[in-house]
Amino acid sequence: MNIYERYNTAIEDFRKAQKGNLYTATKSAESLFDIMYELEESNKNEDKSYLLARIYCELGLKWKCRKFVKSYKSSNQLDYLDKWQQLLNKVEDLFELRCFELVEFRDLRMAKKRKTLQPLLRSDFVFNEDKYFIRINIKPSFNDIVLLNKKVLHS
């Protein structure tokens with residue numbers, strides 16, 4: 001199945017799921033994200049670039065879509081200038097919507113990946129002993145640390 005057939009199937013499933021709840025719509029967007037990642041990595045002609053811009057628009061990634069369309073329009077000789085302009089107009093209309101009217105989808109598979117945290121060592125702390133207490137300072141190389149899921153700012 002080529003990328004256009006996969007896109008048509010994915011967008012059809014995505015639009016059906018959008019009529020349901022937000023979680024099922026986000027789960028159905030995974031196939032669109034797969035196509036988007038594939039297109040971002042590949043060499044694109046004008047049709048594939050337009051397809052990528054449409055996927056950005058469908059997923060509500062308005063800033064990314066606007067930047068991509070404007071840069072693509074300015075840097076290339078376009079055969080279908082009208083359809084690119086229509087897409088740019090559609091994206092500009094997204095900026096007119098209120099924040100609660102526009103849903104920006106994200107890839108839930110990426111959210112599940114945990115960041116590897118930098119381990120804290122004894123040498124990362126400075127211990128100062130006073131008469132009645134021990135004062136522990138964090139070395140200035142840390143901006144902040146997370147303890148028990150609470151962010152502690154370095155002062």
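Heavy-atom minimum distance, C65 versus A53: SG-O, 3.3 Å.
E12 has no carboxylate O lying under 4.0 Å from a charged side-chain N of R15, or vice versa, which leaves the two without a salt bridge. Under the 4.0 Å criterion applied to side-chain N and carboxylate O atoms, K48 and E40 are not assigned as salt-bridge partners. The existence of a salt bridge linking E58 and R54 is excluded, since no basic side-chain nitrogen approaches an acidic carboxylate oxygen closer than 4.0 Å.
In this structure, CG in L59 is found 4.5 Å from CZ in F33, a value given to the nearest 0.5 Å. Taking OH of Y50 as the start and CD1 of I55 as the end, the distance is 12.0 Å to the nearest 0.5 Å. Taken from CG in L51 to CZ in R6, the straight-line distance is 10.0 Å, to the nearest 0.5 Å. Rounded to the nearest 0.5 Å, atoms CG (N8) and CG (N2) are 9.0 Å apart. Annotation: the span from L52 atom CG to I3 atom CD1 amounts to 9.0 Å, rounded to 0.5 Å. Taken to the nearest 0.5 Å, the NZ atom of K16 stands 13.0 Å off from the OG1 atom of T24.
Considering only heavy atoms from C-beta on, V69 stays 4.5 Å or farther from Y56 through its side chain. At least one side-chain heavy atom of C57 sits less than 4.5 Å from a side-chain heavy atom of K90. At least one side-chain heavy atom of K27 sits under 4.5 Å from a side-chain heavy atom of E30. With a 4.5 Å cut-off on side-chain heavy atoms, E92 and L88 count as touching.
Annotation for N43: atom CG does not count as buried by contact number, only 12 or fewer foreign heavy atoms lying within 6.0 Å. Counting non-hydrogen atoms of neighbouring residues, nucleotides and ligands closer than 6.0 angstrom, the CD atom of E129 reaches no more than 12 such neighbours.
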Just do the side-chain contact (heavy atoms from CB on, under 4.5 Å) check on Y7 and S31 with the steps written out, would you?
CA-CA 8 Å; Y7 170 75; S31 55; over 6 Å; no

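In summary, the aromatic rings of F14 and F105 are positioned with their centroids under 6.0 Å apart.
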